[in-house]
Each structure stands twice: as C-alpha cells, then as structure tokens.
Asker: 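My questions all concern the structure below.
Numbered from 1 within each chain, the chains take letters A, B, ... in sequence-line order. Keep in mind the model is a prediction, meaning the values are calculated, not measured.
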2 protein chains.
Amino acid sequence: MVMAINLIAGKWAIPVLWHLLLTEDPLRFTEIRRRVPPITQKELTKQLRLFEEQGLVIRKPRPTVSPHVEYEATPLGRSFYGALDILRLWMIEHVDEVQQPKIRNS
Amino acid sequence: MVMAINLIAGKWAIPVLWHLLLTEDPLRFTEIRRRVPPITQKELTKQLRLFEEQGLVIRKPRPTVSPHVEYEATPLGRSFYGALDILRLWMIEHVDEVQQPKIRNS
DNA sequence: CAGTATCCTTTAGGATACTG
DNA sequence: CAGTATCCTAAAGGATACTG
C-alpha cells in the first residue's frame, strides 16, 4: 500500500500520469508540459524518468525530421487507473468535508 | 484526486491511518507508536494533529487517574477505507511488476 | 525539441532533551 | 503519558542558463 502510494507521490506524479491514462495516444514531452502547468522541464523530465524506471510509462523517441519524444502508459501504468479513479471519486464526494490545515505543521 | 492523495502523503500517514481504520476501538498514543515503528513521538504527534485538523481523526483526552489520550477515525476518516484498500489490493497484485528505481533521482 | 547542469530555497524528517 | 522545543541533515523542488 505504501509502495503503491510512493508511485504517485511527489508534486507532479498524479497530474502527469493521469493525462497519460486519459488518452489512448502517446503524448509528446511538450504536450504533457502544456497540459500540466506550471511544471518545469526539470521536474517533468525527472518524473517521466521515474515512471519509466518503475515500468509505468514507456519512452518512445521518434527520430523523424522534426525529432521528438513520445510517452505512453504501459499496461502496468494503465492498471493503476482504477485506483486513481477511486481517489478521484472520493475527493468529489468528500471535498467539502475535509478541513484545510492552516499550516502543514512542522 | 491530488487533494485526496495529499491526505495520505508523508512517510507515516498511511501506516497511522490504516491502524486506526483496522480497529473499531480508539487507540492510545503509545499504542499507535507501538504499532507503527519506528515512528518518533514528534512525527506521530504531527501526523495526528494533521489528521485531526483535516477531520479524519478525532482526539479524545481521558482525564482519568491514569491520564491518557485516545485517537479514533471519524466517519470521514473511515470513508477513506475503500480507497486505501484498492491501493493495497493493487500492490499485492502488481508488486512484482514494479521496478524499484535505483535512486529516486534529483 | 527535449533535455542537462547549476544554484538556490523550502520542506520533511531524525535525534535528543525537556515538561505538565 | 503525551506531548514541546531545539537543532540538524537530507531531500524536494524552483529558477535559470546552456546544448545535441
């Protein structure tokens, strides 16, 4: 459980993965960046490398005339859709009941 | 979705919440610590305060002869059980497919 | 276009000592 | 027993400049 949560920990993990799960098609680096503002190049690169290492996402360089790189969820990545969707539904149902902590104390 | 994940982000959030969800009974501070090693007093206090602020857990001081404090999941906290269980089941099913990243790069 | 490299600030979290 | 307070280190993450 903790391991599963670690996959989607980090500020940008869910937004990035979610966009890759919402489409059948691969997305280009720049396109992901456009859909997940305001993520920086550094953080997007880091997150994609991490997903790739973990096997949730596959990287596909396209050495065409206008060279670019596409990213796509693997079957393992796609198997995570249900868990994310449960979290999404829980949030929709309970968002109003959750109190926002003044400071995430320290 | 991101909001839901933030509730259970942090190193000790899931272990602490899970133990409170697995029992009907309130748990004492020291009992939680015993079940979630090796959490420090500081981190357990911080996490419980955070859950309390968010409305997932309720704090019940018992001013008895041997004074102590009990913690219990609220109905809102208990409503999170399903989401955590999905993550648990996903992990059980896919733990072997996930590659451990060498370094959680930076 | 899709990255690296570097510098910097903020936050998380551990260790330890102390207290009503 | 159930905390605070303090100090410290490590990790996360932002900003910016550079590159094959």
Asker: Is a side-chain donor or acceptor of Thr74(B) paired with a backbone partner of Leu56(B) at a separation under 3.5 angstrom?
Answerer: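 Side chain of Thr74(B) to backbone of Leu56(B), a donor-acceptor pair under 3.5 Å: yes, one is there.
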Asker: May I ask you to say whether Glu43(B) pairs ionically with Lys11(B), meaning some side-chain N is under 4.0 Å from a carboxylate O?
Answerer: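 Looking at Glu43(B) and Lys11(B), the cut-off is not met.
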Asker: Supply the atom-to-atom distance Trp12(B) CH2 to Thr40(B) OG1, rounded to the nearest 0.5 angstrom.
Answerer: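 Answer for the CH2-OG1 pair, Trp12(B) versus Thr40(B), is 7.5 Å.
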Asker: Can you measure Leu48(B) atom CG to dT4(D) atom C1' for me and round it to whole angstrom units?
Answerer: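 Rounded to whole Å, this separation is 15 Å.
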Asker: Just the rounded figure in Å: distance from C1' of dA2(C) to CZ of Arg59(A).
Answerer: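 After rounding, the gap between these two atoms is 8 Å.
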Asker: Roughly, in whole Å, what's the span from CG in Leu27(A) to C1' in dA2(C)?
Answerer: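 Roughly 15 Å, once rounded to whole Å.
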Asker: Ignoring the backbone of His68(A), work out which of dA2(D), dC1(C), dG3(C) is nearest its side chain.
Answerer: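 For the His68(A) side chain, the nearest candidate turns out to be dC1(C).
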Asker: With respect to the side chain of Trp12(B), which nucleotide from dG13(D), dG14(C), dG3(D) is positioned closest?
Answerer: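 Given the options dG13(D), dG14(C), dG3(D), the side chain of Trp12(B) is closest to dG14(C).
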Asker: So which one's nearest nucleotide on DNA chain D is more toward 5', Lys11(A) or Gln41(A)?
Answerer: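 Whichever sits nearer the 5' end wins; that is Lys11(A).
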Asker: Is Glu31(A) paired with Arg35(A) through a side-chain N to carboxylate O contact shorter than 4.0 Å?
Answerer: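 Judged by the 4.0 Å cut-off on N to carboxylate O distance, Arg35(A) and Glu31(A) do form a salt bridge.
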Asker: To the side chain of Phe29(B), which of dG14(C), dT4(D), dA2(D) is closest?
Answerer: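 So the side chain of Phe29(B) is nearest to dA2(D).
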Asker: Quick one: which of dT4(C), dA2(D), dG14(C) gets closest to the side chain of Lys42(B)?
Answerer: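 The answer is dG14(C).
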Asker: Is Tyr81(B) reachable from Leu20(B) through a run of hydrophobic residues whose side-chain heavy atoms are each under 4.5 Å from the next?
Answerer: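 They do share one cluster, since a chain of ILVMFWY contacts under 4.5 Å joins Leu20(B) to Tyr81(B).
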Asker: Which helical stems does DNA chain C take part in, if a stem means at least 3 consecutive Watson-Crick or G-U pairs with both distances below 3.5 Å?
Answerer: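 Output for stems: C:1-20 with D:1-20.
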Asker: What's the separation between atom NZ in Lys46(B) and atom CD in Gln41(B), rounded to the nearest 0.5 Å?
Answerer: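 Between atom NZ of Lys46(B) and atom CD of Gln41(B) there are 14.0 Å.
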Asker: Expressed as a whole number of angstroms, how long is the span from Leu50(B):CG to dT11(C):P?
Answerer: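 Rounded to whole Å, this separation is 15 Å.
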Asker: Of the nucleotides dG13(D), dG3(C), dA2(D), which has the atom closest to the Thr30(B) side chain?
Answerer: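 Nearest nucleotide to the side chain: dA2(D).
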